[in-house]
Protein chains: 2
Amino acid sequence: MGRDSRGEQKRSITLTDVARLAGVSVATASKALNGRRQVRDETRQRVLAAAETLSFTPNPFAQALNMPRSGTVGMLTSDLEGRFALPIMMGAEDAFGSGATSVLLCDARGDAERERKHVEALLARRVDGLIVVGSRTDPRPSLGQRLPVPVVYAYAPSDDDADVSFVPDNIRGGALAVEHLVAGGRRRIALLAGDADYAAARDRVAGVTEALQAAGLELVGGAASFGPWSEAWGRRVTAELLDSDPEVDAVLCGNDQVARGALETLRERGRRVPEDVWVAGFDDWEVLTTSSRPPLTSVDMNLEELGRTAARHLFHAIDGQRHGGIVTLPVRLVVRESTGGAENGAD
Amino acid sequence: MGRDSRGEQKRSITLTDVARLAGVSVATASKALNGRRQVRDETRQRVLAAAETLSFTPNPFAQALNMPRSGTVGMLTSDLEGRFALPIMMGAEDAFGSGATSVLLCDARGDAERERKHVEALLARRVDGLIVVGSRTDPRPSLGQRLPVPVVYAYAPSDDDADVSFVPDNIRGGALAVEHLVAGGRRRIALLAGDADYAAARDRVAGVTEALQAAGLELVGGAASFGPWSEAWGRRVTAELLDSDPEVDAVLCGNDQVARGALETLRERGRRVPEDVWVAGFDDWEVLTTSSRPPLTSVDMNLEELGRTAARHLFHAIDGQRHGGIVTLPVRLVVRESTGGAENGAD
DNA sequence: CTGAAAGCGCTTACAG
DNA sequence: CTGAAAGCGCTTACAG
């Protein structure tokens, strides 16, 4: 009964074993185990007991051969390195993880050809759906509408309206930050927006602008500054800002790295944060926000929840409901000392 | 844009379809496709062509039902948040990814019970092997020897010698750093080791101590300092160090966050880096090392390669070879300006 | 309620 | 070299 003796594989327990022990046919055993109602209760108990004592685990391949679902979804990421993909993956994994669905992980390394291959491989494995996780909020090429399974896009939206995408609400994030600054009495607000090539940067600027107008204010210098997402740029542009607009009383930065740079320069120039100037960033990257002097207020993108939402949507799409479009998900402001501290309660 | 109405494929292409088109039996088709040698070459070509035109993809479940391998491995991580797990996963995914093996991802969130459940679920899915990725180099509980598939541990080693574990060589890392400092003429070296509760911290101290002895030197202050892995601690303990040992000419830090703190305090105290004092860290976390003033020399743990190695080992273990023990993998020093810059060529 | 039988799509001895 | 047949482990009409 054994296989090749090299592997010394113990034959695993099959439904036949369970049926034999319970004294029923495999058909009945199957029904009992799957909760079909055409089984006498006493019989079902007997089968369940038998399965229990034998530690029976149904062979998923045999099951899949008879059922429409494989119980796996593919997660396609373009950059595992990127820190944005991670929390999203956590959320998605979390939403599936505990259930009967498993996540097949693929990293395309930002290479389109590699991505194509991975999609093919995932489909060959008969995944029930695909979740595509990107590293920036700019639209990415759609996988197309001809795939045999539903697809959702997380963080990086598809460029095709027919697809469903989930992205953080960067516009609202910009507005949230401004409202907080204004509520704290700030009137001369500068915006160090980051890299204009990123939709995230532009969206945040849009939200900031809106909220400022609503408050009857204008940006210091008349417009946002754009530059690399780095501490170095944050330091440099903040120095320029202090020269050109020494009266500035708040510096809002496009991400936490820029904000770290701003904090450093302000400190070196003798400006006290938050007494003289308030500073805030975006992304709420803890390693940066909690250790700065002072700790940094930041807009958190709620990425884990975004991943969870995307996964849940995929679930429903698998069950037949589909609709397209980009869904923006709420973000939240995390207030720390750089804008007066948590007791200053915003939002 | 004409719509192709033939795309209504309910039933997917099976081997039977291929066989029919090629005018052979499914048995022959199977052999041809699988490279069995008992097939006439002309026949094989015909089958391959048929498969090609039909875009045939073998059903993996049917295949798995007949073969000893499922073609999937489980990756069990205790914390997707942790930045160490990520590059390791990338490496592992990379080693498998392109091949016929897929990675099933599970995150146990550091919860033992959850981990147990995930292992069970992965085994139920008939994974061919398990790769357990931890977030610190301290030993973790073994999954035990009773699992039906091979297991390898990455970063966090198993506490059971019978298991195979891959960890970065922190001892050698400590030595590497010291050798570099000494080669640069440093004689009064301080060690801000980080959290003594971590094996990584203690191992690095051990390597540092060894290398110092070899050079006939001693640590400034006679011993390493221990504290939290934070910039704040790095700042504080560096201030103390400058008070107690103003002659210090190198500060080696247990990780990059501590090193960032050290750099800041040195700068504020008017010490020039690297002219007066050299500074180096561990982990080579780019967001921290490349944007500091000056950019920070750091020992890189080569985590992606570690993940790749672990995955490859699992491959071989699946093929039957097994042996236990903890394997330490090489790390490397990345020299930046904080120790004189790359041209100062160390290692 | 229960079970014999067909079948999911593929592979592999085993005869031709 | 090729194919008929058995079988992998399970599910589901379909008869009892």
Side-chain angles (χ1 to χ4, degrees), chain A residues 1-7 9-48 50-51 54-71 100 123-126 148, chain B residues 9-48 50-51 54-71 100 123-126 128 148:
Chain A
M1 185 161 277
R3 298 174 181 262
D4 298 23
S5 54
R6 347 170 239 172
Q9 298 239 359
K10 280 176 265 178
R11 195 183 61 83
S12 53
I13 304 295
T14 74
L15 186 59
T16 307
D17 301 317
V18 175
R20 186 181 309 128
L21 180 57
V24 298
S25 69
V26 293
T28 301
S30 173
K31 288 168 199 155
L33 255 21
N34 290 310
R36 296 274 174 288
R37 37 179 58 267
Q38 341 107 282
V39 181
R40 190 156 43 118
D41 209 58
E42 193 267 340
T43 309
R44 183 189 309 285
Q45 295 311 326
R46 211 143 28 91
V47 173
L48 290 173
L54 296 177
S55 314
F56 169 69
T57 314
N59 183 317
F61 304 117
Q63 290 189 131
L65 218 44
N66 289 288
M67 301 206 286
R69 301 283 162 69
S70 72
L123 291 177
R125 286 205 178 270
R126 308 298 202 259
Chain B
Q9 39 174 306
K10 251 306 187 250
R11 197 181 61 82
S12 55
I13 305 297
T14 74
L15 186 58
T16 306
D17 302 317
V18 175
R20 185 180 310 129
L21 179 58
V24 299
S25 69
V26 293
T28 301
S30 173
K31 286 169 198 153
L33 255 20
N34 291 310
R36 294 276 174 287
R37 37 177 58 267
Q38 340 104 284
V39 181
R40 191 157 42 120
D41 208 57
E42 194 268 338
T43 309
R44 184 190 308 285
Q45 296 311 327
R46 209 143 30 88
V47 173
L48 289 174
L54 295 178
S55 313
F56 170 68
T57 314
N59 183 316
F61 303 117
Q63 290 189 131
L65 217 45
N66 288 288
M67 301 206 286
R69 301 283 163 68
S70 72
L123 291 176
R125 285 204 178 271
R126 307 299 203 259
D128 297 328

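Convention: sequence-line order gives letters A, B, ...; per-chain numbering from 1. Keep in mind that this is a model prediction, so the values were computed, not measured.
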Do any side-chain nitrogens or oxygens of [X] fall under 4.0 Å of OP1 or OP2 in [N]?
X     : N      : value
B:T28 : D:dT2  : no
B:S25 : D:dG3  : yes
B:N34 : C:dT11 : yes
B:S30 : C:dT11 : yes

To the nearest 0.5 angstrom, please state how far the CG atom of A:L48 sits from the CZ atom of A:F56.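 If we round to the nearest 0.5 Å, A:L48:CG and A:F56:CZ are 11.5 Å apart.
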Output the distance between atom CD (A:Q63) and atom OG (A:S30), rounded to the nearest 0.5 Å. 8.5 Å
First encountered from the 5' end of DNA chain C, between A:V26 and A:T43: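 Counting from the 5' end, the first nearest nucleotide belongs to A:T43.
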Of B:Q38 and B:N59, whose nearest nucleotide on DNA chain C comes first from the 5' end?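 Closer to the 5' end of DNA chain C: B:N59.
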Of the options [options], whose atoms approach the side-chain atoms of [X] most closely?
X     : options               : value
A:N66 : D:dG3, C:dA5, D:dG9   : D:dG9
A:V24 : D:dC10, C:dT11, C:dG3 : C:dG3
B:R40 : D:dC1, C:dG7, C:dT11  : D:dC1
B:A62 : C:dC10, D:dC10, D:dA5 : C:dC10

Using whole Å, report how far [atom1] of [X] lies from [atom2] of [N].
X     : N      : atom1 : atom2 : result
B:R46 : D:dG3  : CZ    : P     : 9 Å
A:R36 : D:dC14 : CZ    : P     : 15 Å
A:R44 : C:dC1  : CZ    : C1'   : 11 Å
A:L65 : C:dT11 : CG    : P     : 12 Å
B:M67 : D:dC8  : CE    : P     : 16 Å
B:R69 : C:dT11 : CZ    : P     : 16 Å
B:L33 : C:dC10 : CG    : P     : 9 Å
A:F56 : D:dT11 : CZ    : P     : 7 Å

Base partner of D:dA13, which must satisfy Watson-Crick or wobble distances under 3.5 Å: none
Using a 4.0 Å heavy-atom cut-off across all strands, classify A:Q63 as base, sugar-phosphate, or nothing.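 Sugar-phosphate: the residue A:Q63, judged by heavy atoms under 4.0 Å, touches backbone atoms but no base.
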Answer whether the closest heavy-atom distance between the side chains of B:L123 and A:T57 falls below 4.5 Å. no
If we only count heavy atoms from C-beta on, is the A:S70 to A:R125 side-chain gap below 4.5 Å? no
Return the minimal non-hydrogen interatomic distance between B:V24 and B:R46, and the atom names on each side.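 In this case the closest contact between B:V24 and B:R46 is CG1-NH1, 4.2 Å.
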